[in-house]
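Numbered from 1 within each chain, the chains take letters A, B, ... in sequence-line order.
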Amino acid sequence: MSDDTKTNEPAEENFLRKIVAEDQRTGKHAVPVTRFPPEPNGFLHIGHATTICLNFGIARDFGGRCHLRFDDTNPVKEEQRYIDGIKQDIRWLGFDWGEHEYHASDYFDQLYDWAGLLIKHGYAYVDDQTLEQMRATRGTVTSPGSASPFRDRPAEESLDLFAKMKAGDFPDGAKVLRAKIDMANSNMLLRDPVMYRILHAEHPRTGSDWCIYPMYDFAHGESDWIEGVTHSLCSLEFEAHRPLYEWFVQKIDELGGAPEGRTHHPRQIEFGRFNLSGTMMSKRNLLALVQEGKVAGWDDPRMPTLVAMRRRGVTPASLRNFVNIVGMSRRHKTIEIALFENCVREDLNKVSQRRAVVIDPIKVVITNYPDDQVEQMTATNNPENEADGTREVPFSKELYIQREDFMEDAPRKFFRLKLGGEVRLRYGYWIKCEEVIKDDAGEIVELRCTYDPQTRGGENPPPDEEGNVRKVKGTIHWVSAAHALPIEVRLYDRLFATDNPEAGKKKRDWRENLNPESLVTTTALAEPALAEAQLGQPLQFERVGYFTLDADSDKPAGKLIFNRTVTLKDSWAKQQKK
RNA sequence: UGGCCCAUGGUGUAAUUGGCAACACAGCUGUUUUUGGAUCAGCCAUUCCAGGUUCAAGUCCUGGUGGGCCAACCA
C-alpha cells in the first residue's frame, strides 16, 4: 500500500509559495499561517484537494501552521454531517490541523462588538429597506447607486436598532446592517455592502443563541485576523472582494480594535481554480445530482467528491501528486481527465497487487490435461515490488478466459487466442485452440484446446532438434472453472459524455450530457485469492484495470463487489479504433 | 456601456526577472516485455495580434483582439 500519511512529496514551486518564501526571507512573516476555510454545506471535491494541499503544504514546508476553519455564517445551508465529512476527507488526504480547528461562529461575539464599533464611528448603519429596494438603489456596473434614506441615521439610533436585531425584535429580512462606504464605487461590492442579516435559524454550533448572522465579507477577513493568518489564499472569484476585506480590517484597526498582538494584516491572494474535463465541480450542481438521484449519493464513485474517490479506489498519494502537477496560476483552467487518470495509474501501478479476474467468460477445455488433476501455479503479486511476494493459483482441465481474448477469424495483428493458434496462459501453460464449439445460435460456448506440458508456469518450451525456439506473441489471463469465485464488478466511466457539461448555451442543460454508460454492473469470475481482498486495498485485475473492494460487499455471505478505479492503458483498443 | 483580472504547443505549468522557450500529460514512431500494462528512446511551439524600446523581448511600453469576474439579506 502507498504510505498515505506521507505528505512530504516535493511540492512544485508556484507564485503563491514564492510570495510566502519572500515574506519569510524578509522576516515579514517568519512563521506563515494559512487556513483552509470550507463552508460546511456539502462534501469536499477534487478542487478542494488543491486548496488543502496548497495551504497545508505551505505550512508544512515553511515551518508554519494551517488552520481548519469552518466558515459557518449561514445556518440555513450548513449541517453537522458535512463538518464531520470534511474533517474525515482532510485526514484521508494526509493532512492534520492539530489543535487548530476553528469556526467563524467562534467569533460571533467579537464580530458583533466590532460591528458596534463601526456603527459608533459612522462606518455602518441599520437599513430598513427591503431587499428589492436595496437592489433597485444599488445602481448597475455602469451607473452609480443612490443612498438609502436610512444612510444618515444617527449612530445612536443604529446602535439601538442593531441591539434589537440581535435581541430578536424583528422578523427575517426586516432590517440589515450595512457598511457605509461608497454608493458610487465602480466596484459594486463597495456600495454599502450588507454586514449582518436577520436569520431566525438553528445553527449547528450556536443553536438559537443568535438570530443575526454576519455575511462572508464581514466575517472572513476578521476571522483571518483574529487567528493571525498571514496568507489568506482563495480562488479568483473573490478578487473583487479584496478591497472590502482590506477595508474592514483597516477601519477596525484605525478604530483601535485590532486583536491582541497583531502587527500585520492578513493578506488575501487569489489563484485560479480548475475544472476537470468531463465532470462538473459546482457544489450546486453536485447537490442536484444527488437530490435528483442521478447518482447514488455524495459517495457514488462517479462523483468528483473526495468521499467518492476514496470509495472508487483513488489513493491520497495520487491526488496529492495530481494537484502538485496541475500547479497554481491566476487563470481559469480545464485539466484533461487523462492527466488525473495518469496520476492514479502511476501510484496504483506501484502499490497494487495483481489478481486474475475474467469478465465475460468463455470456457476452455484442455483435452490432453488429466481429468482430475489440479496444479498450484505460482503467480507474482506485483512485478513492480518484489517484496509483495507470490501466491498460488490453481490450474485444471477446465478454465475460463475472456471472450474478447479469442477470435475465430483473427486479423494478423491479433496476438491472443485464435483457432489453430497458440497463446500463453499467464503463469499457466501454453495452449493451442483446436476446436470451437457453438450453440444453435452460433454463439461460441466452448473452446477445445491442447496444452504443452513443457511450458509449465508459462515458460518457453525447450528448443527443438534444430535449436529453434517456438515463440508466442500473446499472453492472456484465466481462472480455473472449478475454483472460480463469482464476484460483482462495477465498471465506472466518466459521468458526462461531453468535456464541459456545464458549457454552451444556457438552455443546454448538463442533464442532457450525462453519460448513460457511466456505470455498468456485471458479474465476473475471479481467482480464489480475491476472497481475501480488504476494504481500501488497491488491486489490479491483470489486463483489465485497477479495482478495489466496495463497502457494499458482504464477505461472510460471500458477496464480493469491486469498483473499477480506472482502466489500464489499452493500446490494442486504441489501435483497433484506427 | 464601467471597474478589475488573465493570455506560452491539444492540455496544464515553467523560463536565472531582458539572454539558446523547459517539464509533465495527451498524440505519433520505435525498443523491450510472461499484463497489447509497465519500462526505455525519439518526434511534436515563430510565446493572441500590430507597432515600439533594446545588441537582445515570452518577459518592458503603446494600441488592439479574445476570455473571465463583479449589481444574494450565499460562500
Side-chain angles (χ1 to χ4, degrees), chain A residues 12-14 37-39 41 71-74 76-78 104 127 129-131 134-136 138-145 172-178 185-191 193-199 212-213 215-217 219-220 234 236-243 270 272 274 277 283-284 324-343 345-346 349-350 354 356 379-380 383-384 413-416 424-428 430 455 457-460 472-477 540-545 567-576:
Chain A
E12 286 290 323
E13 262 326 304
N14 60 52
E39 182 189 15
N41 66 345
D71 229 331
D72 55 351
T73 56
N74 186 3
V76 305
K77 283 183 163 181
E78 295 151 9
D127 195 338
Q129 288 187 113
T130 63
L131 204 150
M134 282 182 56
R135 188 173 292 153
R138 190 150 26 224
T140 69
V141 289
T142 54
S143 62
D172 287 5
K175 290 179 168 39
V176 292
L177 181 71
R178 287 230 255 176
N185 201 289
S186 57
N187 181 346
M188 302 284 297
L189 289 163
L190 261 28
R191 322 248 260 227
V194 172
M195 293 168 62
Y196 270 92
R197 77 286 213 187
I198 301 170
L199 240 36
I212 57 170
Y213 290 92
M215 299 288 289
Y216 165 85
D217 286 303
H220 203 94
C234 62
L236 233 32
E237 67 263 33
F238 290 101
E239 197 171 19
H241 294 249
R242 192 182 343 123
E270 310 85 18
F274 68 83
S277 66
K283 256 188 198 173
R284 209 181 102 230
N324 196 33
I325 287 172
V326 166
M328 283 292 161
S329 66
R330 284 178 66 83
R331 307 167 60 174
H332 301 276
K333 44 194 161 260
T334 301
I335 312 292
E336 289 175 347
I337 192 76
L339 176 62
F340 175 68
E341 291 180 346
N342 177 269
C343 291
R345 288 193 193 102
E346 191 176 270
N349 178 48
K350 288 183 296 194
R354 317 288 138 125
T380 304
E384 303 292 320
K413 289 276 186 70
F414 185 81
F415 301 149
R416 283 108 101 142
R424 174 182 4 247
L425 295 179
R426 189 152 158 91
Y427 306 124
W430 290 22
T455 56
E459 300 289 346
N460 288 358
V472 84
K473 262 291 207 197
T475 300
I476 63 174
H477 66 284
Q540 184 194 106
F541 293 178
E542 286 208 337
R543 307 206 308 127
V544 176
T567 60
L568 246 32
K569 273 193 192 170
D570 191 346
S571 54
W572 166 241
K574 196 184 283 179
Q575 196 180 92
Q576 273 184 306

N/O donor-acceptor pair under 3.5 Å between N185(A) side chain and R191(A) backbone: no
Name the nucleic acid region contacted by K413(A), choosing base, sugar-phosphate or nothing; use a 4.0 angstrom heavy-atom cut-off, strictly under. base
NA contact type, F541(A), heavy-atom cut-off 4.0 Å: base, sugar-phosphate, or nothing? nothing
Over all strands shown, is Y213(A) touching base, sugar-phosphate only, or nothing at heavy-atom distances under 4.0 angstrom? nothing
If we ignore hydrogens and angles and just use 3.5 Å, is the side chain of E346(A) paired with the main-chain N or O of N342(A) as donor and acceptor? no
When we call it a touch if two heavy atoms are under 4.0 Å apart, what does S277(A) touch: a base, just sugar-phosphate, or nothing? nothing
Nearest-angstrom distance, P atom, C20(B) to A56(B): 15 Å
Is a donor on one side and an acceptor on the other found under 3.5 Å between the side chain of W430(A) and the backbone of L425(A)? no
Separation between CD (E341(A)) and NZ (K569(A)), nearest 0.5 Å, reads 10.5 Å
Pairwise P distance for G10(B) and C4(B), with rounding to whole Å: 32 Å
Any R543(A) side-chain N or O less than 4.0 Å from OP1/OP2 of G36(B): yes
Candidates G37(B), U35(B), U11(B) - which lies nearest the side chain of R426(A): U35(B)
Quick check on U34(B): is either OP1 or OP2 less than 4.0 Å from any side-chain nitrogen or oxygen of K473(A)? no
State plainly whether the residues E270(A) and R242(A) are in salt-bridge range, i.e. N to O under 4.0 Å. yes
Answer syn or anti for A72(B), where the cut-off is 90° from 0 on the glycosidic torsion. syn
How close do G272(A) and L236(A) get, counting heavy atoms only, and between which atoms? CA-CD2, 3.8 Å
Quick one: the dot-bracket string of RNA chain B, using Watson-Crick and G-U wobble pairs with both distances under 3.5 Å, [ ] for crossing pairs and | for bases paired to another strand. .((((((..((((.....[..)))).((((.........))))....(((((..]....))))))))))).....
Closer to the 5' end of RNA chain B via nearest nucleotide, is it S329(A) or G457(A)? S329(A)
Look at the side chain of R138(A) and the backbone N and O of L189(A), then say whether any donor-acceptor pair between them is shorter than 3.5 Å. no
Quick one: is C6(B) close enough that its OP1 or OP2 comes under 4.0 Å of any side-chain N or O from R330(A)? yes
Under 4.0 Å protein heavy-atom contact, by nucleotide of nucleotides 67-75 of chain B - B base, S sugar-phosphate only: -S-BBSBBB
Does U54(B) adopt a syn or an anti glycosidic conformation, taking syn as a chi angle within 90° of 0? anti
Assign E459(A) to base, sugar-phosphate, or nothing according to its heavy-atom contacts below 4.0 angstrom with the strands shown. base
Measure the distance from CZ on R345(A) to P on A24(B) and round it to the nearest whole Å. 18 Å
If we take the C1' atom in both A24(B) and A45(B), what is their distance in whole Å? 16 Å
Any side-chain heavy atom of H241(A) sitting closer than 4.5 Å to one from Y216(A)? yes
May I ask you to decide if A104(A)'s main-chain N or O and D71(A)'s side chain share a donor-acceptor pair within less than 3.5 Å? no
For F274(A) and G12(B), say yes or no: do the ring centres fall under 5.5 Å of each other while the ring planes differ by less than 30°? no
Taking the C1' atom in each of C6(B) and G58(B), what is the distance between them to the nearest angstrom? 15 Å
I'd like to know if R416(A) reaches the base of G36(B) with its side chain such that a donor and an acceptor end up less than 3.5 angstrom apart. yes
At 4.0 Å (heavy atoms only), tell me whether E341(A) reaches a base, stays on the sugar-phosphate, or touches nothing. nothing
Is there a side-chain contact between N342(A) and the phosphate of A26(B), meaning an N or O under 4.0 Å from OP1 or OP2? yes
When T475(A) is tested against each of R424(A), R416(A), R543(A) for side chain to side chain donor-acceptor pair (under 3.5 Å), which residue passes? R424(A)
